[in-house]
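In each ligand, atom 1 is the first atom listed, and ligand 1 is the first ligand listed.
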Amino acid sequence: MWRAAAAGGTREVLDPADASTLRVVSEGGAEDVDAAVAAARRAFGGGAGAWPTTPVAERAALLRRVAELLQRDREEIALVESRDTGKTLEEGRVDVDDVTNAFRYFADAVSNDSGGRVVDAGSAEVHSVVVHEPVGVCALVTPWNYPLLQASWKIAPALAAGNTFVVKPSEITPLSTVHLVRLLAEAGLPDGVANLVTGAGVPVGQRLAEHPDVDLFSFTGGLASGTTAGAAAVKGAKKIALELGGKNPNVVFADACASAEGFDTAVDQALNAAFIHSGQVCSAGARLIVEASVSERFVAELARRAERIRLGRGTEEGVECGPLVSRQQLEKVEAYVASALAEGARLRCGGSRPEPADVRPAGGYFYAPTVLDGCHREMKVVREETFGPILTVETFASEEEAVALANDTEYGLAGAVWSADTARARRVAARLRHGTVWINDYHPYLPQAEWGGFGKSGIGRELGPTGLDEYRESKHIYENLRPEPVKWFAG
Ligand code: NAD
(Lines give C-alpha, C1' and ligand atoms only; values in the text may rest on other atoms or scores of the structure.)
Protein backbone atom coordinates (compact mmCIF):
# COMPACT_ATOMS: atom_id res chain seq x y z
CA MET A 1 0.00 0.00 0.00
CA TRP A 2 1.39 3.40 -0.98
CA ARG A 3 0.60 6.50 1.05
CA ALA A 4 1.57 10.17 1.18
CA ALA A 5 3.86 11.46 3.93
CA ALA A 6 2.03 11.87 7.25
CA ALA A 7 2.90 15.56 7.39
CA GLY A 8 1.98 15.98 3.71
CA GLY A 9 5.48 17.05 2.63
CA THR A 10 6.78 16.63 -0.92
CA ARG A 11 10.15 17.04 -2.66
CA GLU A 12 11.07 17.77 -6.27
CA VAL A 13 13.50 15.25 -7.73
CA LEU A 14 15.71 17.08 -10.24
CA ASP A 15 17.19 16.05 -13.56
CA PRO A 16 20.89 16.95 -13.09
CA ALA A 17 21.35 17.45 -16.85
CA ASP A 18 19.24 20.65 -16.86
CA ALA A 19 18.03 21.13 -13.25
CA SER A 20 14.38 20.65 -14.33
CA THR A 21 11.90 18.77 -12.14
CA LEU A 22 11.75 15.08 -12.99
CA ARG A 23 9.17 13.93 -10.46
CA VAL A 24 7.62 15.04 -7.17
CA VAL A 25 7.79 12.47 -4.36
CA SER A 26 6.59 12.34 -0.76
CA GLU A 27 8.98 13.78 1.77
CA GLY A 28 8.71 11.43 4.74
CA GLY A 29 9.49 12.19 8.36
CA ALA A 30 9.95 10.39 11.68
CA GLU A 31 6.24 9.51 11.87
CA ASP A 32 6.44 7.73 8.53
CA VAL A 33 9.51 5.80 9.68
CA ASP A 34 7.64 4.70 12.80
CA ALA A 35 4.71 3.44 10.71
CA ALA A 36 7.05 1.59 8.32
CA VAL A 37 9.03 -0.04 11.13
CA ALA A 38 5.77 -1.10 12.81
CA ALA A 39 4.62 -2.71 9.54
CA ALA A 40 7.96 -4.51 9.17
CA ARG A 41 7.76 -5.72 12.79
CA ARG A 42 4.24 -7.08 12.30
CA ALA A 43 5.32 -8.88 9.15
CA PHE A 44 8.36 -10.33 10.93
CA GLY A 45 6.36 -11.62 13.89
CA GLY A 46 3.46 -12.91 11.83
CA GLY A 47 3.82 -16.53 13.01
CA ALA A 48 3.32 -19.58 10.78
CA GLY A 49 3.42 -18.65 7.10
CA ALA A 50 5.12 -15.31 7.73
CA TRP A 51 8.19 -14.39 5.67
CA PRO A 52 10.83 -15.49 8.24
CA THR A 53 9.33 -18.99 8.31
CA THR A 54 8.62 -19.23 4.59
CA PRO A 55 10.58 -22.21 3.22
CA VAL A 56 13.93 -21.25 1.74
CA ALA A 57 12.94 -22.68 -1.65
CA GLU A 58 9.99 -20.28 -1.80
CA ARG A 59 12.08 -17.31 -0.74
CA ALA A 60 14.64 -18.18 -3.42
CA ALA A 61 11.89 -18.57 -6.02
CA LEU A 62 10.64 -15.07 -5.21
CA LEU A 63 14.13 -13.61 -5.69
CA ARG A 64 14.33 -15.32 -9.07
CA ARG A 65 10.95 -13.85 -10.07
CA VAL A 66 12.26 -10.40 -9.11
CA ALA A 67 15.29 -11.03 -11.34
CA GLU A 68 12.95 -11.82 -14.25
CA LEU A 69 10.87 -8.70 -13.63
CA LEU A 70 14.03 -6.56 -13.52
CA GLN A 71 14.95 -7.89 -16.96
CA ARG A 72 11.40 -7.32 -18.24
CA ASP A 73 11.62 -3.66 -17.14
CA ARG A 74 15.32 -3.25 -18.04
CA GLU A 75 14.92 -0.33 -20.44
CA GLU A 76 12.42 1.51 -18.25
CA ILE A 77 14.56 1.21 -15.12
CA ALA A 78 17.79 2.09 -16.97
CA LEU A 79 16.07 5.24 -18.26
CA VAL A 80 14.81 6.20 -14.79
CA GLU A 81 18.28 5.65 -13.32
CA SER A 82 19.95 7.63 -16.09
CA ARG A 83 17.58 10.61 -15.75
CA ASP A 84 17.76 10.58 -11.96
CA THR A 85 21.54 10.19 -11.47
CA GLY A 86 22.83 11.65 -14.75
CA LYS A 87 24.72 8.45 -15.67
CA THR A 88 24.56 7.21 -19.25
CA LEU A 89 21.73 4.97 -20.37
CA GLU A 90 24.22 2.19 -21.06
CA GLU A 91 25.52 2.41 -17.48
CA GLY A 92 21.90 2.21 -16.32
CA ARG A 93 21.46 -1.01 -18.33
CA VAL A 94 24.64 -2.48 -16.86
CA ASP A 95 23.34 -1.66 -13.36
CA VAL A 96 20.05 -3.48 -14.04
CA ASP A 97 21.96 -6.54 -15.29
CA ASP A 98 24.28 -6.50 -12.27
CA VAL A 99 21.35 -6.21 -9.91
CA THR A 100 19.58 -9.09 -11.68
CA ASN A 101 22.69 -11.20 -11.11
CA ALA A 102 22.76 -10.22 -7.43
CA PHE A 103 19.16 -11.40 -6.92
CA ARG A 104 19.99 -14.67 -8.68
CA TYR A 105 23.19 -15.08 -6.68
CA PHE A 106 21.44 -14.68 -3.31
CA ALA A 107 18.65 -17.06 -4.41
CA ASP A 108 21.35 -19.69 -5.07
CA ALA A 109 23.43 -18.80 -2.01
CA VAL A 110 20.58 -19.23 0.45
CA SER A 111 19.42 -22.42 -1.28
CA ASN A 112 22.89 -23.93 -1.00
CA ASP A 113 23.48 -22.86 2.58
CA SER A 114 20.29 -23.04 4.59
CA GLY A 115 20.67 -26.16 6.68
CA GLY A 116 23.10 -25.01 9.36
CA ARG A 117 25.74 -27.48 10.59
CA VAL A 118 26.07 -30.29 13.07
CA VAL A 119 28.84 -29.70 15.63
CA ASP A 120 30.79 -32.51 17.27
CA ALA A 121 30.13 -31.97 21.00
CA GLY A 122 32.50 -34.80 22.01
CA SER A 123 29.71 -37.09 23.20
CA ALA A 124 27.34 -39.47 21.47
CA GLU A 125 24.70 -38.31 23.93
CA VAL A 126 24.69 -34.74 22.78
CA HIS A 127 23.20 -33.45 19.55
CA SER A 128 24.60 -30.02 18.78
CA VAL A 129 23.66 -27.90 15.76
CA VAL A 130 24.27 -24.33 14.62
CA VAL A 131 21.38 -22.94 12.58
CA HIS A 132 20.74 -19.64 10.77
CA GLU A 133 17.89 -17.30 11.59
CA PRO A 134 16.95 -13.91 10.18
CA VAL A 135 18.09 -10.91 12.22
CA GLY A 136 14.68 -9.21 12.26
CA VAL A 137 13.71 -5.75 11.03
CA CYS A 138 16.47 -4.26 8.87
CA ALA A 139 16.90 -0.55 8.11
CA LEU A 140 18.63 0.00 4.76
CA VAL A 141 20.00 3.45 3.87
CA THR A 142 21.51 4.05 0.44
CA PRO A 143 23.40 6.75 -1.54
CA TRP A 144 22.68 8.51 -4.85
CA ASN A 145 25.46 7.25 -7.09
CA TYR A 146 24.23 3.64 -7.58
CA PRO A 147 20.71 3.80 -6.14
CA LEU A 148 19.30 0.58 -7.59
CA LEU A 149 22.49 -1.39 -7.12
CA GLN A 150 23.20 -0.37 -3.53
CA ALA A 151 19.58 -1.01 -2.50
CA SER A 152 19.67 -4.45 -4.14
CA TRP A 153 22.93 -5.50 -2.48
CA LYS A 154 21.04 -5.08 0.81
CA ILE A 155 17.47 -6.06 -0.15
CA ALA A 156 18.34 -9.35 -1.91
CA PRO A 157 20.32 -10.90 1.00
CA ALA A 158 17.92 -9.44 3.59
CA LEU A 159 14.97 -11.17 1.91
CA ALA A 160 16.90 -14.35 1.17
CA ALA A 161 17.67 -14.68 4.88
CA GLY A 162 14.01 -14.11 5.88
CA ASN A 163 14.14 -10.55 7.22
CA THR A 164 11.69 -7.71 6.80
CA PHE A 165 12.99 -4.23 6.02
CA VAL A 166 12.54 -0.50 5.63
CA VAL A 167 14.63 1.04 2.84
CA LYS A 168 15.48 4.74 2.62
CA PRO A 169 16.99 5.73 -0.73
CA SER A 170 18.93 8.96 -1.14
CA GLU A 171 16.56 11.91 -1.28
CA ILE A 172 18.37 13.00 -4.46
CA THR A 173 17.72 9.78 -6.42
CA PRO A 174 14.79 7.74 -5.03
CA LEU A 175 13.07 6.72 -8.27
CA SER A 176 14.64 3.35 -9.17
CA THR A 177 14.21 2.10 -5.58
CA VAL A 178 10.50 2.94 -5.78
CA HIS A 179 10.34 0.86 -8.97
CA LEU A 180 12.18 -2.04 -7.32
CA VAL A 181 9.80 -2.08 -4.34
CA ARG A 182 6.86 -2.22 -6.77
CA LEU A 183 8.48 -5.24 -8.44
CA LEU A 184 8.86 -6.99 -5.07
CA ALA A 185 5.11 -6.66 -4.55
CA GLU A 186 4.41 -7.85 -8.09
CA ALA A 187 6.63 -10.89 -7.48
CA GLY A 188 4.36 -11.84 -4.56
CA LEU A 189 6.20 -10.60 -1.46
CA PRO A 190 3.67 -10.52 1.43
CA ASP A 191 2.47 -7.13 2.68
CA GLY A 192 4.67 -5.42 5.26
CA VAL A 193 7.88 -7.32 4.41
CA ALA A 194 9.24 -4.53 2.17
CA ASN A 195 8.73 -0.91 3.26
CA LEU A 196 10.08 2.27 1.76
CA VAL A 197 10.27 5.80 3.16
CA THR A 198 11.51 8.61 0.95
CA GLY A 199 13.02 11.67 2.57
CA ALA A 200 16.15 13.33 3.89
CA GLY A 201 19.00 11.77 5.89
CA VAL A 202 17.84 13.80 8.83
CA PRO A 203 15.18 12.99 9.98
CA VAL A 204 14.38 9.79 8.04
CA GLY A 205 17.77 8.02 8.06
CA GLN A 206 18.51 9.27 11.55
CA ARG A 207 15.21 7.94 12.91
CA LEU A 208 15.94 4.55 11.35
CA ALA A 209 19.36 4.48 13.01
CA GLU A 210 17.87 5.35 16.39
CA HIS A 211 14.64 3.37 16.19
CA PRO A 212 14.36 0.94 19.11
CA ASP A 213 12.50 -1.63 17.03
CA VAL A 214 15.14 -1.90 14.27
CA ASP A 215 17.49 -4.88 14.69
CA LEU A 216 20.02 -4.20 11.94
CA PHE A 217 21.18 -0.92 10.39
CA SER A 218 22.95 -1.19 7.04
CA PHE A 219 24.24 2.06 5.53
CA THR A 220 26.05 2.95 2.32
CA GLY A 221 27.24 6.53 1.94
CA GLY A 222 29.86 9.01 3.06
CA LEU A 223 32.20 8.74 6.04
CA ALA A 224 30.74 11.68 8.00
CA SER A 225 27.06 10.73 7.78
CA GLY A 226 27.87 7.00 8.05
CA THR A 227 29.77 7.33 11.29
CA THR A 228 27.11 9.65 12.77
CA ALA A 229 24.32 7.26 11.86
CA GLY A 230 26.39 4.21 12.84
CA ALA A 231 27.08 5.67 16.28
CA ALA A 232 23.34 6.21 16.84
CA ALA A 233 22.64 2.61 15.78
CA VAL A 234 25.38 1.20 18.02
CA LYS A 235 23.92 3.09 20.95
CA GLY A 236 20.85 0.90 20.56
CA ALA A 237 23.10 -2.20 20.24
CA LYS A 238 21.88 -2.90 16.71
CA LYS A 239 23.91 -4.95 14.30
CA ILE A 240 25.54 -2.50 11.90
CA ALA A 241 27.09 -2.57 8.47
CA LEU A 242 28.72 0.54 6.99
CA GLU A 243 29.87 0.82 3.38
CA LEU A 244 31.64 4.16 3.26
CA GLY A 245 33.92 6.08 0.95
CA GLY A 246 37.20 5.37 -0.78
CA LYS A 247 40.31 7.10 -2.12
CA ASN A 248 41.52 4.43 -4.41
CA PRO A 249 45.03 4.01 -5.86
CA ASN A 250 45.66 2.83 -9.40
CA VAL A 251 49.33 1.77 -9.44
CA VAL A 252 51.01 1.54 -12.86
CA PHE A 253 54.50 0.04 -13.25
CA ALA A 254 56.58 0.98 -16.28
CA ASP A 255 56.77 -2.67 -17.39
CA ALA A 256 52.99 -2.63 -18.00
CA CYS A 257 53.62 0.05 -20.63
CA ALA A 258 56.58 -1.61 -22.40
CA SER A 259 54.56 -2.62 -25.46
CA ALA A 260 52.34 -0.20 -27.39
CA GLU A 261 49.36 -2.42 -26.65
CA GLY A 262 50.15 -2.56 -22.93
CA PHE A 263 50.52 1.22 -22.79
CA ASP A 264 47.21 1.84 -24.56
CA THR A 265 45.39 -0.61 -22.31
CA ALA A 266 46.77 0.85 -19.09
CA VAL A 267 45.92 4.42 -20.21
CA ASP A 268 42.46 3.42 -21.36
CA GLN A 269 41.68 1.67 -18.09
CA ALA A 270 43.09 4.53 -16.01
CA LEU A 271 40.66 6.80 -17.87
CA ASN A 272 37.78 4.45 -17.16
CA ALA A 273 38.85 3.97 -13.52
CA ALA A 274 38.74 7.72 -12.85
CA PHE A 275 36.01 9.13 -15.05
CA ILE A 276 33.19 6.62 -15.49
CA HIS A 277 29.98 8.15 -14.04
CA SER A 278 31.99 11.40 -13.82
CA GLY A 279 34.08 9.88 -11.01
CA GLN A 280 31.07 9.56 -8.70
CA VAL A 281 32.01 5.99 -7.83
CA CYS A 282 33.12 4.84 -4.37
CA SER A 283 35.83 2.69 -5.96
CA ALA A 284 36.92 5.28 -8.56
CA GLY A 285 40.63 5.09 -9.37
CA ALA A 286 41.06 8.74 -8.42
CA ARG A 287 44.77 8.45 -7.50
CA LEU A 288 47.03 7.47 -10.37
CA ILE A 289 50.36 6.32 -8.92
CA VAL A 290 52.65 5.83 -11.90
CA GLU A 291 56.33 4.87 -12.18
CA ALA A 292 58.33 8.05 -12.79
CA SER A 293 60.11 6.72 -15.89
CA VAL A 294 56.82 6.54 -17.88
CA SER A 295 54.80 9.19 -16.13
CA GLU A 296 55.20 12.04 -18.63
CA ARG A 297 54.21 9.93 -21.64
CA PHE A 298 51.38 8.28 -19.66
CA VAL A 299 49.89 11.52 -18.33
CA ALA A 300 50.14 13.30 -21.68
CA GLU A 301 48.13 10.56 -23.37
CA LEU A 302 45.67 10.37 -20.50
CA ALA A 303 45.04 14.14 -20.64
CA ARG A 304 44.67 14.03 -24.43
CA ARG A 305 41.99 11.38 -24.15
CA ALA A 306 40.27 12.93 -21.10
CA GLU A 307 39.79 16.16 -23.07
CA ARG A 308 37.89 14.24 -25.73
CA ILE A 309 35.33 12.67 -23.37
CA ARG A 310 31.89 13.68 -24.65
CA LEU A 311 29.72 15.26 -21.96
CA GLY A 312 25.96 15.59 -22.15
CA ARG A 313 22.63 14.20 -21.05
CA GLY A 314 23.15 10.54 -20.21
CA THR A 315 20.25 9.40 -22.37
CA GLU A 316 21.68 10.95 -25.54
CA GLU A 317 23.41 8.79 -28.11
CA GLY A 318 27.19 9.19 -28.09
CA VAL A 319 27.41 10.82 -24.64
CA GLU A 320 30.18 9.27 -22.54
CA CYS A 321 29.80 11.17 -19.25
CA GLY A 322 26.76 12.79 -17.73
CA PRO A 323 26.57 15.69 -15.30
CA LEU A 324 27.39 15.60 -11.60
CA VAL A 325 24.36 14.72 -9.53
CA SER A 326 23.70 18.13 -7.94
CA ARG A 327 24.78 21.75 -7.71
CA GLN A 328 26.27 20.97 -4.29
CA GLN A 329 28.42 18.20 -5.79
CA LEU A 330 29.55 20.49 -8.61
CA GLU A 331 30.59 23.21 -6.19
CA LYS A 332 32.44 20.67 -4.04
CA VAL A 333 34.44 19.53 -7.07
CA GLU A 334 35.28 23.12 -8.01
CA ALA A 335 36.54 23.76 -4.49
CA TYR A 336 38.78 20.66 -4.59
CA VAL A 337 40.37 21.73 -7.88
CA ALA A 338 40.94 25.26 -6.55
CA SER A 339 42.59 23.87 -3.40
CA ALA A 340 44.81 21.54 -5.45
CA LEU A 341 46.02 24.39 -7.66
CA ALA A 342 46.66 26.55 -4.60
CA GLU A 343 48.74 23.69 -3.14
CA GLY A 344 50.88 23.48 -6.27
CA ALA A 345 49.23 20.84 -8.51
CA ARG A 346 49.63 21.31 -12.30
CA LEU A 347 46.48 21.31 -14.39
CA ARG A 348 46.87 18.98 -17.39
CA CYS A 349 43.28 19.19 -18.62
CA GLY A 350 39.81 20.22 -17.48
CA GLY A 351 39.69 22.29 -14.31
CA SER A 352 36.44 24.10 -15.08
CA ARG A 353 32.84 23.75 -16.12
CA PRO A 354 32.71 23.11 -19.88
CA GLU A 355 31.99 26.02 -22.22
CA PRO A 356 28.19 26.33 -22.75
CA ALA A 357 28.75 25.75 -26.48
CA ASP A 358 30.46 22.41 -25.76
CA VAL A 359 27.70 20.73 -23.80
CA ARG A 360 23.96 20.33 -24.09
CA PRO A 361 21.54 20.84 -22.43
CA ALA A 362 22.23 24.15 -20.72
CA GLY A 363 21.84 24.52 -16.97
CA GLY A 364 23.17 21.08 -16.05
CA TYR A 365 25.80 20.31 -13.42
CA PHE A 366 28.61 19.46 -15.83
CA TYR A 367 32.33 19.53 -15.04
CA ALA A 368 35.17 18.76 -17.43
CA PRO A 369 37.26 15.65 -16.68
CA THR A 370 40.30 16.99 -14.87
CA VAL A 371 43.86 15.64 -14.61
CA LEU A 372 46.15 17.15 -11.96
CA ASP A 373 49.84 16.36 -12.18
CA GLY A 374 52.62 16.92 -9.62
CA CYS A 375 50.46 15.88 -6.68
CA HIS A 376 51.71 14.64 -3.33
CA ARG A 377 50.26 12.95 -0.31
CA GLU A 378 49.87 16.10 1.81
CA MET A 379 47.40 17.68 -0.61
CA LYS A 380 43.75 17.75 0.38
CA VAL A 381 42.74 16.59 -3.10
CA VAL A 382 44.92 13.47 -2.69
CA ARG A 383 43.71 12.63 0.81
CA GLU A 384 39.96 13.29 0.61
CA GLU A 385 37.30 11.65 -1.49
CA THR A 386 36.30 14.27 -4.10
CA PHE A 387 33.59 12.11 -5.72
CA GLY A 388 33.98 13.92 -9.01
CA PRO A 389 35.91 13.79 -12.31
CA ILE A 390 39.30 14.61 -10.77
CA LEU A 391 42.35 12.40 -11.30
CA THR A 392 45.48 13.19 -9.29
CA VAL A 393 48.91 11.94 -10.41
CA GLU A 394 51.75 10.91 -8.06
CA THR A 395 54.95 9.18 -9.13
CA PHE A 396 57.21 6.53 -7.60
CA ALA A 397 60.68 5.16 -8.21
CA SER A 398 60.55 1.75 -6.48
CA GLU A 399 58.10 -1.02 -5.68
CA GLU A 400 58.44 -0.21 -1.99
CA GLU A 401 57.49 3.41 -2.61
CA ALA A 402 54.52 2.39 -4.78
CA VAL A 403 53.11 0.21 -1.99
CA ALA A 404 53.68 2.91 0.64
CA LEU A 405 51.87 5.51 -1.47
CA ALA A 406 48.97 3.20 -2.31
CA ASN A 407 48.44 2.36 1.36
CA ASP A 408 48.79 5.94 2.53
CA THR A 409 45.07 6.62 2.91
CA GLU A 410 42.63 6.44 5.79
CA TYR A 411 40.32 4.53 3.47
CA GLY A 412 40.85 1.06 2.00
CA LEU A 413 38.06 0.21 -0.40
CA ALA A 414 39.73 -0.75 -3.68
CA GLY A 415 42.88 -0.40 -5.74
CA ALA A 416 44.67 -1.78 -8.77
CA VAL A 417 48.17 -2.76 -9.83
CA TRP A 418 49.34 -2.82 -13.45
CA SER A 419 52.45 -4.86 -14.25
CA ALA A 420 53.67 -7.28 -16.90
CA ASP A 421 55.64 -9.09 -14.18
CA THR A 422 53.16 -11.52 -12.60
CA ALA A 423 55.27 -12.13 -9.51
CA ARG A 424 55.57 -8.40 -8.85
CA ALA A 425 51.85 -7.79 -9.47
CA ARG A 426 50.87 -10.52 -7.00
CA ARG A 427 53.46 -9.36 -4.47
CA VAL A 428 52.11 -5.81 -4.55
CA ALA A 429 48.46 -6.97 -4.51
CA ALA A 430 49.18 -8.99 -1.37
CA ARG A 431 50.51 -5.89 0.38
CA LEU A 432 47.69 -3.48 -0.53
CA ARG A 433 45.39 -2.78 2.42
CA HIS A 434 42.21 -2.53 0.35
CA GLY A 435 39.06 -4.68 0.24
CA THR A 436 39.25 -5.29 -3.52
CA VAL A 437 42.49 -5.37 -5.53
CA TRP A 438 42.52 -5.69 -9.29
CA ILE A 439 45.57 -6.91 -11.20
CA ASN A 440 45.74 -5.56 -14.75
CA ASP A 441 42.10 -4.48 -14.65
CA TYR A 442 39.90 -1.93 -12.92
CA HIS A 443 36.29 -1.93 -11.65
CA PRO A 444 34.91 -5.45 -12.22
CA TYR A 445 33.26 -7.08 -9.25
CA LEU A 446 31.40 -10.36 -8.83
CA PRO A 447 28.24 -11.04 -6.80
CA GLN A 448 29.92 -14.14 -5.37
CA ALA A 449 32.95 -12.17 -4.09
CA GLU A 450 32.78 -9.97 -0.99
CA TRP A 451 32.73 -6.19 -1.44
CA GLY A 452 33.73 -3.73 1.29
CA GLY A 453 36.63 -1.90 2.79
CA PHE A 454 39.56 -1.85 5.15
CA GLY A 455 40.10 1.18 7.40
CA LYS A 456 37.52 3.93 7.23
CA SER A 457 35.90 2.45 4.14
CA GLY A 458 33.56 0.66 6.46
CA ILE A 459 32.47 -2.19 8.64
CA GLY A 460 31.30 -5.50 7.20
CA ARG A 461 30.96 -6.82 3.66
CA GLU A 462 28.28 -6.96 1.00
CA LEU A 463 27.92 -9.69 -1.64
CA GLY A 464 29.42 -13.18 -1.40
CA PRO A 465 28.68 -15.61 1.46
CA THR A 466 29.60 -12.91 4.03
CA GLY A 467 27.04 -10.56 2.44
CA LEU A 468 24.33 -13.13 3.24
CA ASP A 469 25.66 -13.81 6.74
CA GLU A 470 25.36 -10.10 7.59
CA TYR A 471 21.58 -10.67 7.56
CA ARG A 472 21.57 -13.88 9.63
CA GLU A 473 21.96 -14.68 13.27
CA SER A 474 23.70 -17.94 14.19
CA LYS A 475 22.01 -19.97 16.87
CA HIS A 476 23.62 -22.91 18.66
CA ILE A 477 21.13 -25.56 19.80
CA TYR A 478 22.69 -28.03 22.23
CA GLU A 479 20.51 -31.03 22.97
CA ASN A 480 21.36 -33.43 25.79
CA LEU A 481 19.94 -36.81 24.83
CA ARG A 482 20.48 -38.26 28.35
CA PRO A 483 20.04 -35.55 30.98
CA GLU A 484 21.44 -36.37 34.46
CA PRO A 485 22.10 -34.31 37.61
CA VAL A 486 25.36 -32.37 37.41
CA LYS A 487 26.01 -32.59 41.21
CA TRP A 488 28.20 -29.49 41.20
CA PHE A 489 26.52 -28.33 44.40
CA ALA A 490 26.71 -30.83 47.22
CA GLY A 491 23.49 -29.82 49.05
P1 NAD B 1 25.62 10.49 2.10
O2 NAD B 1 26.37 9.93 3.26
O3 NAD B 1 25.42 11.95 2.01
O4 NAD B 1 24.15 9.86 2.07
C5 NAD B 1 23.93 8.46 2.06
C6 NAD B 1 22.57 8.17 2.62
O7 NAD B 1 22.58 8.50 4.02
C8 NAD B 1 21.44 9.01 2.03
O9 NAD B 1 20.29 8.23 1.91
C10 NAD B 1 21.26 10.12 3.06
O11 NAD B 1 19.97 10.69 3.04
C12 NAD B 1 21.52 9.36 4.35
N13 NAD B 1 21.95 10.16 5.49
C14 NAD B 1 22.64 11.33 5.48
N15 NAD B 1 22.85 11.75 6.76
C16 NAD B 1 22.33 10.81 7.57
C17 NAD B 1 22.24 10.66 8.99
N18 NAD B 1 22.74 11.57 9.84
N19 NAD B 1 21.64 9.55 9.47
C20 NAD B 1 21.14 8.61 8.65
N21 NAD B 1 21.16 8.72 7.30
C22 NAD B 1 21.76 9.80 6.76
O23 NAD B 1 26.31 9.88 0.82
P24 NAD B 1 25.98 10.23 -0.69
O25 NAD B 1 26.53 11.59 -0.96
O26 NAD B 1 24.55 9.93 -0.99
O27 NAD B 1 26.84 9.11 -1.46
C28 NAD B 1 28.18 9.26 -1.73
C29 NAD B 1 29.01 8.50 -0.73
O30 NAD B 1 28.64 7.12 -0.73
C31 NAD B 1 30.49 8.51 -1.09
O32 NAD B 1 31.26 8.75 0.06
C33 NAD B 1 30.74 7.10 -1.62
O34 NAD B 1 32.07 6.66 -1.51
C35 NAD B 1 29.80 6.30 -0.77
N36 NAD B 1 29.53 5.01 -1.41
C37 NAD B 1 30.15 3.89 -0.91
C38 NAD B 1 29.94 2.66 -1.52
C39 NAD B 1 30.62 1.42 -1.02
O40 NAD B 1 30.33 0.35 -1.51
N41 NAD B 1 31.52 1.49 -0.05
C42 NAD B 1 29.09 2.58 -2.64
C43 NAD B 1 28.48 3.73 -3.11
C44 NAD B 1 28.71 4.95 -2.49
Please determine if W153 has a nitrogen or oxygen closer than 3.5 Å to a nitrogen or oxygen of ligand 1. no
Nearest heavy atom to atom 14 (C) of ligand 1: which of P203, S225, S170 does it belong to? S225
Atoms of ligand 1 close to N145 [distance to a heavy atom under 4.0 angstrom, numbered from 1]: 43 (C), 44 (C)
Mind checking whether E385 has an N or O less than 3.5 Å away from an N or O of ligand 1? yes
Run K239 and D215 through salt bridge (Lys or Arg N to Asp or Glu O under 4.0 Å) and show every step you take. CA-CA 6 Å; K239 293 186 86 166; D215 300 298; over 6 Å; no
For G222, the atoms of ligand 1 under 4.0 Å from one of its heavy atoms are 1 (P), 2 (O), 23 (O), 29 (C), 30 (O), 32 (O)
Is atom CD of E331 surrounded by more than 12 heavy atoms (other residues, nucleotides or ligands) closer than 6.0 Å? yes
Tell me yes or no: between the side chains of N248 and H434, is some donor less than 3.5 Å from an acceptor? no
Determine whether any heavy atom of W451 lies closer than 4.0 Å to an atom of ligand 1. yes
Hey, does C282 come in under 3.5 Å of ligand 1, counting only N/O atoms on both sides? no
In plain terms, say whether E385 and K247 are close enough for a salt bridge, that is, a side-chain N and a carboxylate O under 4.0 Å apart. no
Please confirm whether Y146 comes under 4.0 Å of ligand 1, counting heavy atoms of the residue only. no
How far apart are the C-alpha atoms of E394 and R377, what are their side-chain angles, what is the distance that settles it, and do they pass the salt bridge (Lys or Arg N to Asp or Glu O under 4.0 Å) test? CA-CA 8 Å; E394 297 156 86; R377 51 172 92 182; 5.7 Å; no
Applying salt bridge (Lys or Arg N to Asp or Glu O under 4.0 Å), run through R23 and D84 and close with a yes or a no. CA-CA 9 Å; R23 200 89 60 87; D84 207 0; over 6 Å; no
Under 3.5 Å between any N/O of T142 and any N/O of ligand 1: does that happen in this structure? yes
Hey, which atoms in ligand 1 end up nearer than 4.0 Å to a heavy atom of A229? 19 (N), 20 (C)
Counting only heavy atoms closer than 4.0 Å, does ligand 1 sit against the backbone of T220, its side chain, both, or neither? both
For residues 268-279, tabulate all N or O donor-acceptor pairs below 3.5 Å that involve a side-chain atom, not counting sequence neighbours.
residue, atom, partner, partner atom, Å
D268, OD1, R305, NH1, 3.1
D268, OD1, R305, NH2, 2.8
Q269, OE1, Y442, N, 3.1
H277, NE2, N145, O, 3.0
S278, OG, G322, O, 2.8

Taking A151's backbone N and O only, do any of them form a donor-acceptor pair with Y146's side chain (distance below 3.5 Å, no angle check)? no
For S457 and ligand 1, does the shortest N/O to N/O distance drop below 3.5 Å? no
Applying a heavy-atom cut-off of 4.0 Å, say which part of V202 lies close to ligand 1: side chain, backbone, both or neither. side chain
Enumerated ligand 1 atoms positioned under 4.0 Å from heavy atoms of G221: 2 (O), 5 (C), 23 (O), 29 (C), 30 (O), 32 (O), 35 (C)
For atom 28 (C) of ligand 1, what's the nearest protein heavy-atom neighbour? Residue, atom name and distance, please. F387 CE2, 3.5 Å
Protein heavy-atom partner closest to atom 7 (O) of ligand 1 - residue, atom, separation in Å: F219 CE1, 3.1 Å
Within reach of ligand 1, part of Q280 (heavy-atom separation under 4.0 Å): neither
Could you walk me through whether W144 and F387 pass the ring-ring contact (aromatic ring centres under 6.0 Å, His included) check? CA-CA 12 Å; W144 49 257; F387 228 56; 5.3 Å; yes
Between R72 and E186, is the closest basic N to carboxylate O distance under 4.0 Å? yes
Has K332 got a side-chain atom pairing as donor or acceptor with R327's backbone, closer than 3.5 angstrom? no
Looking only at side-chain N and O atoms, does D441 offer a donor or acceptor that is under 3.5 Å from a partner on W418? no
Quick one: does P143 get an N or O within less than 3.5 Å of an N or O on ligand 1? no
Evaluate E27 against R11 for salt bridge (Lys or Arg N to Asp or Glu O under 4.0 Å), listing each step before the verdict. CA-CA 6 Å; E27 178 73 0; R11 173 188 292 266; 2.8 Å; yes
With a 3.5 Å distance limit and no angle check, can you tell me whether E81 reaches the backbone of D95 through a side-chain donor-acceptor pair? no
Quick one: which ligand 1 atoms are inside 4.0 Å of a heavy atom on E171? 10 (C), 11 (O)
For atom 24 (P) of ligand 1, the protein heavy atom that lies nearest, with its residue and separation: W144 NE1, 3.3 Å
For atom 17 (C) of ligand 1, what's the nearest protein heavy atom and its distance? G201 O, 4.0 Å
Heavy atom under 4.0 Å from ligand 1: found in L244's side chain, backbone, both, or neither? backbone
Could you identify the single nearest non-hydrogen protein atom to atom 20 (C) of ligand 1 and state the distance to 0.1 Å? G205 C, 3.2 Å
